[in-house]
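Structure, as structure tokens:
Sequential numbering from 1 along the given sequence is applied to the chain's residues. Scope of the values below: all heavy atoms of this structure, side chains included, with no hydrogens, waters or symmetry mates.
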Amino acid sequence: MSDIKMVWLLHFIGNIMSWGFLGTLLVLIFMIQKKDIDEKTKSVCYNIINFNISFWIYFAISFILIFLLVWFITTPILALIWIILLVIWFIKHLAWDDYKYPMSIEFLK
């Protein structure tokens, strides 16, 4: 199995199981374990990590909004957007398109 397909599977299955925590951890372990990663695979890994960290920040802000009683609107919307973007990303990468997540803050390049 090619590296990029392995990253896709780790990311998709890990994210679905744990709302992003396991998906990010599996991708990080994959990157640490593989010494010679090509640039495209490395870019995909960084994109995955940036996407999950961005949404953790968005969810944290949403939970902070609990005190303003707005969280019950923002949290389900964020969850729906996260799932939709995850599925779109998975489909696009199965078609071998170079797709970057929208709403993703670039922490790693």
Side-chain angles (χ1 to χ4, degrees):
M1 181 180 294
S2 73
D3 285 348
I4 246 171
K5 285 185 181 180
M6 181 61 108
V7 170
W8 295 338
L9 289 175
L10 290 173
H11 169 59
F12 190 72
I13 293 169
N15 277 353
I16 294 298
M17 291 173 50
S18 69
W19 286 95
F21 295 106
L22 183 60
T24 303
L25 183 63
L26 290 174
V27 170
L28 281 172
I29 290 171
F30 176 83
M31 285 182 66
I32 290 169
Q33 221 174 21
K34 288 288 217 179
K35 300 295 182 210
D36 53 338
I37 298 176
D38 62 24
E39 287 302 314
K40 182 172 176 142
T41 305
K42 191 180 290 187
S43 173
V44 168
C45 290
Y46 288 156
N47 194 14
I48 289 168
I49 294 166
N50 289 334
F51 171 73
N52 283 335
I53 291 172
S54 298
F55 266 85
W56 293 339
I57 291 170
Y58 301 148
F59 277 112
I61 291 169
S62 177
F63 285 123
I64 290 170
L65 293 176
I66 287 173
F67 301 109
L68 298 176
L69 298 176
V70 182
W71 68 274
F72 66 91
I73 295 171
T74 58
T75 303
I77 291 171
L78 277 174
L80 184 63
I81 291 170
W82 182 80
I83 290 171
I84 290 169
L85 291 176
L86 182 65
V87 170
I88 289 172
W89 179 85
F90 190 69
I91 291 169
K92 289 281 192 179
H93 272 76
L94 285 178
W96 295 100
D97 288 342
D98 192 19
Y99 176 74
K100 291 196 176 198
Y101 285 112
M103 297 178 60
S104 182
I105 302 168
E106 286 195 33
F107 295 103
L108 304 173
K109 291 185 181 187

How many angstroms lie between atom CD1 of I53 and atom CD of E106, to the nearest 0.5 angstrom? 12.0 Å
Y46-L25 co-clustered via ILVMFWY side chain contacts under 4.5 Å: no
Can you measure from OG1 (T74) to CD1 (I64) and round to the nearest 0.5 angstrom? 11.0 Å
Group every Ile, Leu, Val, Met, Phe, Trp and Tyr by side-chain heavy-atom contacts under 4.5 Å, then state whether Y58 and I83 land in the same group. yes
Here the pair of heavy atoms bringing I49 nearest to M31 is CD1-SD, 4.2 Å
Could you check whether any side-chain N or O of S54 sits under 3.5 Å from a backbone N or O of N50, counting only pairs where one atom can act as donor and the other as acceptor? yes
May I ask whether I29 and I48 are part of the same hydrophobic cluster, defined by side-chain heavy atoms of I, L, V, M, F, W, Y residues being less than 4.5 angstrom apart, directly or through others? no
To the nearest 0.5 Å, what is the distance between OG (S43) and CG (D38)? 10.0 Å
Distance, nearest 0.5 Å, that separates CH2 of W89 from CZ of F51: 9.5 Å
With rounding to the nearest 0.5 Å, note down the distance linking CG in L80 to CG in L85. 9.5 Å
Say you draw a straight line from CD1 of I61 to OG1 of T75; how long is it, rounded to the nearest 0.5 Å? 11.5 Å
Heavy-atom pair with the smallest gap, counting every atom of F30 and C45: CD2-SG, 4.3 Å
Where do F55 and I81 come nearest, in terms of heavy atoms and distance? CZ-CG2, 3.8 Å
